[in-house]
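See structure below.
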Amino acid sequence: MATILELSISTVSKALNDSPEISVATKSKVLEVARSLNYKPNIIATALRNKRSLILGVILPDLKDAFFLESLIGITEESSKNDYKIMVYQSCNDYKKEIAYTKLLSESNIIDGLIFSSIKETVASKKATHIQRVANRGLPVVYIKNNIKFSSDIIEENNTDSEKDGFKTGQSCVKKLLRKIENEQLNLSA
């Protein structure tokens, strides 16, 4: 676009981001060319610049389970209201998948936070160290309670009166996670 318009890359970027430094006429030209080229912003670059991806990770054990399916609907609705997208992984009650998805999401720097519920094997054996490690690295985590007690207060458990109401549980998880993300951002900027 910069070449077509004979403008600097910086000017085009500022125009696309509605910077007050750029004149209305220049912004109009840039936006016109952007539309004609069907320009879409690079979400990875935007996430780096804003230090937020506006994506939440979700790992659930079984979407055939009505509670988890309703939770996912609640997560989707509440995330959308707050301009967040979600990346959803279903572990299919497989401990190895649970660990792999947790690692993928937490180490890729794609997500701003994680909503998680363990499979039965993790609950029975109390093997939730992978989630504890994620939280210890600073990624905000909200856990849909499934009878695991974490050893730290870094992971917020979702203990609502609506344990049987998956939709409300999902909404509540997103609200808690967004508060944690906001608090984390405030700590980073202080």
Side-chain angles (χ1 to χ4, degrees), residues 40 43-44 46-47 50-150 152-185:
K40 302 284 184 244
I43 50 176
I44 295 170
T46 302
N50 296 333
K51 296 183 174 87
R52 278 197 183 171
S53 66
L54 298 177
I55 299 172
L56 304 177
V58 179
I59 302 174
L60 298 173
D62 183 4
L63 294 179
K64 290 181 285 181
D65 180 297
F67 174 79
F68 289 119
L69 182 57
E70 286 296 317
S71 293
L72 181 58
I73 294 168
I75 290 166
T76 303
E77 292 297 315
E78 194 63 32
S79 297
S80 181
K81 281 184 204 172
N82 289 281
D83 297 322
Y84 269 81
K85 307 291 184 254
I86 60 172
M87 290 184 75
V88 180
Y89 288 88
Q90 176 182 215
S91 66
C92 300
N93 288 309
D94 181 324
Y95 184 67
K96 288 180 181 174
K97 285 182 183 178
E98 179 179 302
I99 289 175
Y101 297 150
T102 302
K103 185 175 179 176
L104 171 72
L105 288 173
S106 67
E107 293 178 1
S108 64
N109 294 324
I110 294 173
I111 59 172
D112 293 336
L114 178 64
I115 297 172
F116 178 85
S117 188
S118 291
I119 66 164
K120 292 173 186 157
E121 180 183 333
T122 307
V123 174
S125 66
K126 308 287 188 209
K127 295 190 293 189
T129 55
H130 53 295
I131 291 298
Q132 191 70 51
R133 280 193 301 272
V134 169
N136 289 342
R137 280 193 224 122
L139 184 68
V141 176
V142 172
Y143 183 75
I144 298 176
K145 191 167 182 185
N146 213 355
N147 298 323
I148 289 183
K149 198 70 177 155
F150 289 97
S152 81
D153 59 354
I154 299 172
I155 299 174
E156 184 166 344
E157 295 178 359
N158 190 60
N159 297 320
T160 64
D161 293 333
S162 60
E163 282 186 10
K164 292 188 174 129
D165 186 343
F167 185 83
K168 287 181 184 172
T169 297
Q171 288 180 309
S172 174
C173 285
V174 172
K175 289 174 185 174
K176 287 178 180 182
L177 188 56
L178 293 181
R179 275 194 305 272
K180 288 180 74 138
I181 291 167
E182 191 62 37
N183 289 338
E184 192 73 27
Q185 288 292 318

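Residue numbers run from 1 in the order of the sequence given.
- Here the closest non-hydrogen pair linking K180 and V141 is NZ-O, 3.3 Å.
- Formation of a donor-acceptor pair under 3.5 Å by the S53 side chain with backbone atoms of I110 is found in this model.
- Judged by distance alone, the side chain of S71 and the main-chain N or O of G166 form a donor-acceptor pair under 3.5 Å.
- Taking CZ from F68 and CD1 from I59, the interatomic distance works out to 12.5 Å, rounded to the nearest 0.5 Å.
- Looking at K85 and L54, their side chains never come closer than 4.5 Å, going by heavy atoms from C-beta outward.
- Nearest heavy-atom pair, S118 versus P61, reported as atom, atom and distance to 0.1 Å: O-CG, 3.7 Å.
- The shortest distance between side-chain heavy atoms of L69 and K64 does not fall below 4.5 Å.
- The stretch residues 67-81 participates, sequence neighbours left out, in these salt bridge (Lys or Arg N to Asp or Glu O under 4.0 Å) pairs: E78-K81.
- For the pairing with E182, the salt bridge (charged side-chain N to carboxylate O under 4.0 Å, His left out) check across K175, R52, K176 returns one residue only, R52.
- Minimum interatomic distance between L60 and S117 (heavy atoms only, all atoms of both residues): CD2-CB, 4.1 Å.
- K40 is linked by a side chain to side chain donor-acceptor pair (under 3.5 Å) to N38, counting only residues two or more places apart in sequence or in another chain.
- In this structure, S172 contributes its side chain and K168 its backbone to no donor-acceptor pair below 3.5 Å.
- Note that CG of N183 and CG of L178 are 11.0 Å apart. Values are rounded to the nearest 0.5 Å.
- Every residue two or more places apart in sequence or in another chain that forms a side chain to side chain contact (heavy atoms under 4.5 Å, CB included) with S79 is listed here: L56, I75, Y84, I86, V174.
- Taking both residues in full, the closest heavy atoms of S91 and K97 are given as O-CD, 3.5 Å, listed atom of the first, atom of the second, then distance.
- For Y89, the ring pair (Phe, Tyr, Trp, His ring centres under 6.0 Å) criterion is met by Y101, not counting sequence neighbours.
- Qualifying side chain to side chain contact (heavy atoms under 4.5 Å, CB included) partners for Q90, counting only residues two or more places apart in sequence or in other chains: D62, L63, C92.
- Here the CG atom belonging to L72 is positioned 9.0 Å from the CD1 atom belonging to I144, to the nearest 0.5 angstrom.
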Open item on the list: Quick one, C173 with Y143, criterion side-chain contact (heavy atoms from CB on, under 4.5 Å). Give me CA distance, side-chain angles, the key distance, then yes/no.
Closed with: CA-CA 8 Å; C173 285; Y143 183 75; over 6 Å; no
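- One finds the CD1 atom of I111 at 8.5 Å from the CD1 atom of I181 (value rounded to the nearest 0.5 Å).
- The list of salt bridge (Lys or Arg N to Asp or Glu O under 4.0 Å) pairs with a residue in residues 103-112, not counting sequence neighbours, reads E107-R137.
- Atom CG of L177 is separated from atom CG of N82 by 10.5 Å, given to the nearest 0.5 angstrom.
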